[in-house]
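Comments concern the structure below.
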Amino acid sequence: MSERPVRTRFAPSPTGLLHVGGARTALFNWIYARKKAGTFVLRIEDTDHTRNTEEAKQVILDGLHWLGLDWDEGPQKGGNYGPYYQSERGAIYEEYLARLEKAGHLYEDNGAIRFRSPREKVIVDDEICGKIEFDLTNPGTHPDLTLRRPDGSWIFHFVSVVDDIEMKISHVIRGEDHLSNTPKHVELYKALGAEPPRFAHMPLILNRDGSKMSKRDEGAALGTYPEAGYAPEAVRNYLSLLGWSPKENREIISTEEVVALFELDQVNRRNAAFDLDKCFWINGQYLLSMDLARYAELAIPFLQKAGITWPTWEALEKVLTIIKPKVKLLKDLPEWVACFFTEEFPYDEAAVAKSLVGTHAAERLQALSEAYATLPTWDAVSLEASLKETTAKLGIKTGEMVHPARVAVSGRGIGPGLYEMIEILGKDRTLARFAKGIEKAQAA
RNA sequence: GGCGCGUUCGUCUAGUCGGUUAGGACACAGCCCUCUCAAGGCUGGCGCACGGGUUCGAAUCCCGUACGCGCUACCA
């Protein structure tokens with residue numbers, strides 16, 4: 001096998017969504033290219049005119065951009081082997097078809113053009129699956145490939161092989177669903193006088209119950225991840241672990257490390273079930289340990305979308321710092337931070353009923369309010385000390401004061417540490433909300 | 001049906017040269033911590049598909065069976 005520069009490719013067809021399985025295929029191709037200091041090519045297989053829309057193409061580009069899988073050649077980027085849309089490569093296909101015709105490999109069948117198989121045994125030496133022998137001698141079980149339909153449109157097998165030759169692809173890393181057709185592709189390469197690339201067929205991604213993932217299965221469409229507020233680095237981490245492992249019991253691993261450790265022959269052969277729970281957990285781990293600048297970068301679009309505004313970066317920074325360990329999905333962020341930047345935040349009825357109404361909340365908040373009103377220093381430590389002093393004086397447990405105070409101040413029964421919240425809110429807003437809480441408590 | 005690939009806790013996996021109390025993680029249960037919810041810590045239950053071989057010894061090698069997935073398109 002000659003040493004060729006590594007060139008991998010992701011060749012999706014625009015179906016209207018980027019499937020997680022496709023996203024992982026793209027990721028592994030990208031990882032391998034990066035590892036080998038090679039080139040990652042994006043090619044859009046849009047030969048099916050009926051569902052070939054601008055939006056469908058954009059979904060793919062958006063998905064790859066979001067995941068951080070930048071391509072070296074392809075749409076929006078160009079390259080020496082374009083065009084990168086199959087719909088624009090008709091002349092090239094004509095030329096290759098003519099070559100096969102001239103060599104006598106083709107015949108017509110009801111208007112369609114077919115490739116006459118040499119009818120031999122073909123060994124596919126797969127990087128992941130190993131050497132596999134296919135016996136193509138029986139036309140009954142392995143029919144000749146159709147290359148072109150009577151209406152002139154092209155069939156995937158043919159254009160895919162032609163493009164991989166033309167684009168000098170060295171490694172075809174794709175889903176295992178293509179494995180059985182690979183020997184026929186190999187015959188095509190040989191008929192065209194081209195050396196086949198190295199093949200690597202990866203296991204498929206299935207649902208938890210082993211069934212195929214369809215569009216509407218939860219987590220199947222990559223577009224739902226940015227919407228839900230997953231961090232792309234977390235999703236990359238999760239996808240890397242599907243069919244591959246860094247060993248040493250590592251679960252959280254950066255893309256850089258994956259690139260360093262990745263080997264094609266270490267990829268599993270077994271189909272993997274998709275587990276959104278684990279992806280969710282990994283995302284939580286990333287959000288937890290993420291530096292604030294990155295966190296804010298991801299968080300701000302969700303706040304803007306919810307119409308939340310903040311006076312200064314410093315103010316936002318303080319709030320995000322205490323909220324960060326709480327929120328697992330960025331889409332939930334607005335409801336956690338709203339109370340810091342507006343007086344119009346909602347009060348959770350259940351929490352109000354539980355901690356304010358029909359309790360001693362009014363008199364307790366009144367006592368705390370008085371203590372806080374004269375507090376010389378307004379910081380979490382002082383606030384805690386003062387609250388505990390007050391509860392001791394009243395002869396009640398800390399929690400009996402904290403819960404009503406939390407609901408009064410944030411409208412919710414759960415949240416970050418109470419003292420940290422109150423410190424950020426400041427004396428005026430805190431006392432005003434205590435007063436409002438007392439009102440609510442007495443209203444019942 | 002034919003051909004191909006696969007089978008370690010519910011799920012992702014470690015286990016690559018046969019000898020491990022079969023390890024980790026998610027999820028689940030319990031406990032600790034605690035102002036809530038998380039996070040964190042600890043503990044627990046849960047697995048080598050089945051049957052034959054080979055061997056002193058098999059999750060690991062061989063054969064068979066079952067099951068799953070893929071291909072078998074003028075889909076990609």
Side-chain angles (χ1 to χ4, degrees), chain A residues 11-15 22 45-48 50-51 86 109-114 124 126 128-130 132-136 138 140-143 145-151 153-157 159-160 174-184 201 203-212 238 241-252 265-266 268-282 284-285 287-289 323-328 336 351 354-355 384 387-388 391 397-407 410 412-419 421:
Chain A
S13 60
T15 58
E45 308 217 327
D46 55 350
T47 54
D48 184 345
T50 56
R51 48 183 189 187
Q86 287 187 333
D109 177 15
N110 284 319
I113 312 253
R114 290 180 156 243
V124 173
D126 193 275
I128 295 171
C129 304
I132 304 166
E133 184 181 280
F134 293 87
D135 185 352
L136 304 190
N138 183 355
T141 57
H142 299 277
L145 238 30
T146 299
L147 270 33
R148 190 178 207 177
R149 301 186 188 87
D151 69 1
S153 60
W154 304 99
I155 299 295
F156 154 78
H157 302 287
V159 295
S160 173
R174 65 203 339 181
E176 191 201 86
D177 49 339
H178 293 293
L179 181 59
S180 295
N181 284 320
T182 301
K184 294 183 181 182
H201 289 91
L204 270 17
I205 297 181
L206 309 172
N207 284 317
R208 287 288 295 267
D209 63 2
S211 63
K212 241 181 304 186
Y238 176 68
L241 262 25
L242 238 36
W244 178 81
S245 163
K247 324 275 176 166
E248 298 172 335
N249 298 332
R250 308 249 278 115
E251 307 290 336
I252 302 299
D265 61 12
Q266 296 289 305
N268 291 156
R269 289 140 238 237
R270 180 194 174 195
N271 289 166
F274 186 78
D275 183 5
L276 196 57
D277 282 343
K278 187 148 184 177
C279 187
F280 177 79
W281 173 79
I282 288 177
Q285 294 292 309
L287 294 183
L288 204 56
S289 57
I323 289 296
K324 194 154 90 80
K326 298 289 163 187
V327 180
K328 311 284 275 298
W336 289 76
K354 190 181 172 196
S355 301
E384 176 170 7
L387 182 141
K388 286 187 169 160
T391 56
K397 287 186 282 187
T398 308
E400 292 178 289
M401 182 65 93
V402 166
H403 298 313
R406 154 170 279 113
V407 176
S410 71
R412 314 181 75 197
I414 59 171
L418 176 68
Y419 315 115
M421 283 200 288

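Lettering follows sequence order; numbering is per chain, from 1. Every value quoted in this text rests on a predicted model; they were computed, and no experiment measured them.
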Under 6.0 Å between the ring centres of A/Phe274 and A/Tyr238?
yes

Scanning all shown strands, the Watson-Crick or wobble mate of B/C71 with both distances under 3.5 Å is B/G2

Which nucleotide, in any strand shown, forms a Watson-Crick or G-U wobble pair with B/U54, with both distances under 3.5 Å?
none

Side chain to side chain contact (heavy atoms under 4.5 Å, CB included) filter on A/Leu206, not counting sequence neighbours, yields A/Leu204, A/Asn271

If you measure from the C1' atom in B/G45 to the same atom in B/G40, how many Å do you get, rounded?
22 Å

Could you tell me the Watson-Crick or G-U partner of B/U65, where both distances fall under 3.5 Å? Say none if there is no partner.
B/A49

Under 4.0 Å, heavy atoms only, any strand: does A/Lys212 hit a base, just the sugar-phosphate, or nothing?
sugar-phosphate

To the nearest Å, how far apart are A/Arg174 CZ and B/C71 P?
12 Å

Among A/Gln86, A/Arg149, A/Glu45, A/Arg148, which one satisfies side-chain contact (heavy atoms from CB on, under 4.5 Å) with A/Trp154?
A/Arg148

Tell me: NE2 of A/His157 to C1' of B/C74, nearest whole Å?
11 Å

Regarding A/His201, tell me which of base, sugar-phosphate or nothing describes its non-hydrogen contacts under 4.0 Å with the strands shown.
nothing

Which whole-number value in Å describes the distance from A/Arg406 CZ to B/C37 P?
9 Å

Please give the distance between the C1' atoms of B/A29 and B/G10 as a whole number of Å.
15 Å

If each of A/Ser211 and A/Glu45 is mapped to the nucleotide of RNA chain B with the nearest heavy atom, which maps nearer the 5' terminus, i.e. the 5' end?
A/Ser211

Under the side chain to side chain contact (heavy atoms under 4.5 Å, CB included) rule, what do A/Lys278 and A/Glu251 come out as? Steps first, then yes or no, please.
CA-CA 10 Å; A/Lys278 187 148 184 177; A/Glu251 307 290 336; 3.0 Å; yes

Grab the NZ-P distance between A/Lys326 and B/G40 for me, whole Å please.
12 Å

Atom CE in A/Met421, atom CD1 in A/Ile323: separation rounded to 0.5 Å?
8.0 Å

Look at all strands and tell whether A/Gln285 reaches a base, only sugar-phosphate, or nothing, counting heavy atoms closer than 4.0 Å.
sugar-phosphate

Would you measure the distance from the P atom in B/U54 across to the matching atom in B/G1 and give it in whole Å?
32 Å

Straight-line distance of A/Ile414 CD1 to A/His403 NE2, nearest 0.5 Å
12.5 Å

Are OP1 or OP2 of B/A76 and a side-chain N or O of A/Thr47 less than 4.0 angstrom apart?
yes

Please give the distance between the P atoms of B/C42 and B/C26 as a whole number of Å.
11 Å

Can you tell me how far the CG atom of A/Leu136 sits from the NZ atom of A/Lys184, to the nearest 0.5 Å?
7.5 Å

With nearest nucleotide decided by heavy atoms, which residue, A/Ala11 or A/Asp277, maps closer to the 5′ end of RNA chain B?
A/Asp277

Grab the two heavy atoms, one from A/Thr398 and one from A/Leu387, that are nearest each other, plus how far apart they are.
CG2-CD2, 3.9 Å

Report the distance from atom CG of A/Leu206 to atom P of B/C67, rounded to the nearest whole Å.
18 Å

With sequence neighbours excluded, what pairs up with A/Asp135 under the side chain to side chain contact (heavy atoms under 4.5 Å, CB included) test?
A/Lys121, A/Thr137

What does the B/S/- profile of nucleotides 3-21 of chain B look like, 5' to 3', with a 4.0 Å heavy-atom cutoff to protein?
-SSSSS-BBBSSS------

Strictly below 4.0 Å: does A/Arg149 bring a side-chain N or O up to OP1 or OP2 of B/A76?
yes

What interatomic distance, in whole Å, is found between C1' of B/U43 and the corresponding atom of B/G6?
36 Å

Between atom NE2 in A/His178 and atom P in B/U72, what is the gap in whole Å?
10 Å

Could you tell me how far B/G15 sits from B/G47 if I compare only their C1' atoms? Round to whole Å.
13 Å

Whether A/Arg412 contacts B/C37 is assessed here as follows: a side-chain N or O lying under 4.0 Å from the phosphate OP1 or OP2. Is that the case?
no

Say you pick atom P in B/C46 and the same atom in B/G4; how far apart are they, in whole Å?
39 Å

Closest to the A/Asn110 side chain, choosing from B/C74, B/A73, B/U36:
B/C74

Please give, in whole Å, the distance from B/C26 P to A/Arg250 CZ?
15 Å

Pairing partner (Watson-Crick or G-U wobble, both distances under 3.5 angstrom) of B/A25
B/U11

Between NZ of A/Lys184 and C1' of B/C74 the distance, given in whole Å, is 13 Å

Which heavy atom of A/Phe134 sits nearest to which heavy atom of A/Ser180, and what is that distance?
CE2-CA, 4.2 Å

Counting the atoms with a prime plus P, OP1 and OP2 as sugar-phosphate, which does A/Asn138 contact under 4.0 Å by heavy atoms, base, sugar-phosphate, or nothing?
nothing

Is there a Watson-Crick or G-U wobble partner for B/A39 with both distances under 3.5 Å, and which nucleotide is it?
none

Go ahead and name the base partner of B/C33; Watson-Crick or wobble counts if both distances stay under 3.5 Å, otherwise write none.
none

Integer angstrom distance from the P of B/C62 to that of B/G18:
11 Å

